[in-house]
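Everything below concerns the one structure shown next.
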Amino acid sequence: MNKSEKLFAEALKIIPGGVNSPVRAFKSVSGTPPFIVSAKGCLLTDADGNEYIDYIGSWGPMILGHAHERVTESLIAAVRKGVSFGAPSPAEVELAAEIIKRVPSVEKVRMVNSGTEATMSAIRLARAATRRDIIVKFAGGYHGHADSFLIQAGSGAVTLGIPNSPGVTEGVAKDTRVSGYNDLEAIKTIFAREGQRIAAVIVEPVAGNMGTVPPTDGFLPGLRALCDEYESLLIFDEVMTGFRVAKGGAQELFNIKPDLTTFGKVIGGGLPVGAYGGRNELMSMIAPEGPVYQAGTLSGNPLAMAAGLATLRLLDSAVYEKLEKSSKSLQDGLTKQAESAGIPISAQRIGSMITVFFSQKPVANLADASAADHKRFGKFFTFMLENGVHLPPSGYEAWFVSTAHDETVIGNTIDIAGRAFESLA
Ligand code: KE4
C-alpha cells in the first residue's frame with residue numbers, strides 16, 4: 001500500500017467514507033483518492049510525492065492557483081494579528097465594499113462560513129420578505145446541504161445517487177418544488193398553479209453541479225419575468241459563478257438583476273466563507289437590523305476576509321481575458337482530440353468552468369447529464385489521474401482553470417487527454 005492508500009484505510013475507520021465531503025471519495029470513479037499534502041500554482045502534490053495538474057481548484061476558490069504569493073502574504077500578516085475576535089473588524093467592511101463594488105444588485109451583504117449557510121439564509125430571508133413558503137429549485141441544482149435543497153440535488157448528491165436525502169422531513173420537502181433547468185414552460189406551469197405561494201426561485205445562473213450547463217437564451221430572463229409577475233424573489237446562487245465567470249459574476253455576464261445573490265468559494269480565497277446580499281430593503285430585514293435571525297461565531301473571520309480581499313483585488317479584467325483564452329484553448333483542444341479518437345463528447349464551458357460530458361449531444365439539463373456515459377468518464381478520469389492530471393472525481397462537476405494554468409500546462413493536458421480518448425476507443 002502507498003501512503004495515500006494507508007491514509008485512506010485509516011480515514012475510513014474514523015471519518016464517514018474516509019472524507020469530510022462525499023464527492024472527494026472517488027465513489028463514482030475507481031481507485032483511492034490521493035491524499036494531498038501541498039499545492040502550488042496549478043499543481044497538487046500527494047503524500048507519495050506524485051504531482052498532478054489540478055482542475056479541482058478546491059471546487060472553485062483557487063482561481064489564482066494555489067499558494068499565490070499575495071494571498072499567502074496577506075494571510076500570514078492576518079494570522080500574526082490574531083485569528084478571530086468575535087467582534088467587528090475592518091476587513092469585514094472592506095470585503096463587503098469590494099463585493100458591492102463588483103455586483104450592483106447587492107447594496108448590503110452578510111458574511112457567513114459556507115455556501116450552504118449563504119443559501120439557507122437567503123431562502124429564510126425570501127420567505128420572511130414575501131410571507132410565502134414555497135421555494136423552487138431545479139433538478140441537478142446544488143445549493144449546499146440544507147434540508148430544503150436536498151430534493152433532486154446535484155453535485156455529490158447526484159454523484160452518489162442520493163439526490164433526495166433521508167432525514168429531510170416531509171414537512172420540509174413539501175415547501176420545495178423542483179423544475180427542469182432550461183425548461184421555462186415547466187416552471188411557468190408551477191407558477192400558474194401556485195405562484196401566489198412561491199417565495200423565491202433559486203437558480204445557479206450557470207449550472208455547475210450537474211456538470212457545466214449554460215442557461216439557454218431566454219431562460220434567465222424568463223425566470224426574472226416570472227418572479228416579477230408573481231412578486232416572488234429571484235435568488236442567483238453564485239457560490240460557484242461569483243467572480244469566477246466574470247468580474248461581476250454571471251449576473252454581469254447575462255445582464256440579469258436578481259433580488260438576492262449568494263456567494264462563496266472565490267470570496268474566501270480558499271478559507272471557509274459564504275455571503276448573501278441584495279438590495280437594502282431586503283437585507284435590512286436581517287438581525288440585528290431586522291427580525292430575520294441569522295448568526296455565526298466565525299462569520300467575517302479575519303483570515304477568510306484577508307484571503308478573500310487579496311484574491312478579489314487581483315481579479316481585474318486582464319485576469320478574466322487570460323482565463324477566457326486559456327479555458328477556450330483547453331475546450332477546443334479537448335474537442336479536437338476526442339473527435340480524432342472518434343469519441344463523442346460535449347465539452348461545455350462558461351468562462352473558466354468547463355465539463356467534458358461523454359454524450360452525443362449537448363447537455364441542457366439533469367436528464368441529459370445523467371444520460372451521458374459516466375462509466376466512460378470514470379475510465380477517462382483514471383487515465384488522466386494516472387498520467388498526472390487530477391480532474392474532479394465525478395462527471396457531474398465543473399473543472400476549474402486558474403491563472404496558474406499557463407499555455408504549457410494546457411497543452412500538456414490536451415496531449416494527455418488525447419491519449420486518454422485513444423485508450424477509450
Ligand atoms: P458549501 O456549503 O460547500 O461551501 O457551498 C455549497 C454550494 C452552494 N451553491 C453552489 C452553486 C455550490 O456549487 C456549492 C458547493 N459546490 C460543491 C462543488 N460542486 C462543493 C464540493 C463539495 O461538496 O465538497
Side-chain angles (χ1 to χ4, degrees), residues 15-28 33 36 54-63 111-123 135 137-151 153-160 162-163 165 181 200-215 235-245 249-251 258 260-276 296 298-299 301 304 307-308 350-355 366 369 391-400:
I15 303 171
V19 291
N20 283 310
S21 199
V23 73
R24 302 176 195 168
F26 274 37
K27 280 279 187 203
S28 71
I36 304 304
D54 174 30
Y55 286 97
I56 303 175
S58 177
W59 305 96
M62 309 323 292
I63 192 167
M111 304 310 296
V112 292
N113 298 287
S114 69
T116 296
E117 272 191 75
T119 54
M120 63 189 264
S121 308
I123 64 167
I135 296 292
K137 70 175 287 284
F138 296 91
Y142 181 73
H143 307 288
H145 65 90
D147 283 359
S148 297
F149 303 124
L150 291 181
I151 322 279
S155 185
V158 70
T159 300
L160 300 182
I162 41 175
S165 170
Y181 196 77
V201 173
I202 185 165
V203 64
E204 292 179 58
V206 176
N209 288 289
M210 50 178 125
T212 304
V213 177
I235 303 173
F236 267 17
D237 179 355
E238 295 226 42
V239 167
M240 187 183 285
T241 57
F243 316 111
R244 162 63 64 178
V245 298
Q251 54 195 274
L260 290 171
T261 304
T262 53
F263 303 99
K265 298 181 192 280
V266 167
I267 64 165
L271 277 282
V273 78
Y276 64 104
L298 296 174
S299 297
N301 173 270
I350 295 280
S352 51
M353 283 169 64
I354 179 168
T355 297
L366 180 62
L391 304 176
S394 161
Y396 294 103
E397 294 289 354
W399 312 1
F400 295 104

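Remember, it's 1-based here, ligands and their atoms both numbered in the order they're listed.
- Between the Q251 side chain and the F236 main chain, no donor and acceptor come within less than 3.5 Å of each other.
- With sequence neighbours excluded, the residues satisfying side chain to side chain donor-acceptor pair (under 3.5 Å) with S299 are N113.
- In this structure, ligand 1 sits under 4.0 Å from heavy atoms belonging to S21, V23, W59, S114, G115, T116, Y142, H143, G144, S155, E204, N209, D237, V239, M240, K265, E397.
- Residues passing the side chain to side chain donor-acceptor pair (under 3.5 Å) test with D237, sequence neighbours excluded: H143, T262.
- Side-chain contact check for S155 and E397: at least one donor-acceptor pair (N or O, by modelled atom type) lies under 3.5 Å.
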Run the numbers on V201 and F138 for side chain to side chain contact (heavy atoms under 4.5 Å, CB included), then give the verdict. CA-CA 9 Å; V201 173; F138 296 91; 3.7 Å; yes
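- Residues that satisfy the ring-ring contact (aromatic ring centres under 6.0 Å, His included) test with F263, not counting sequence neighbours, are F243.
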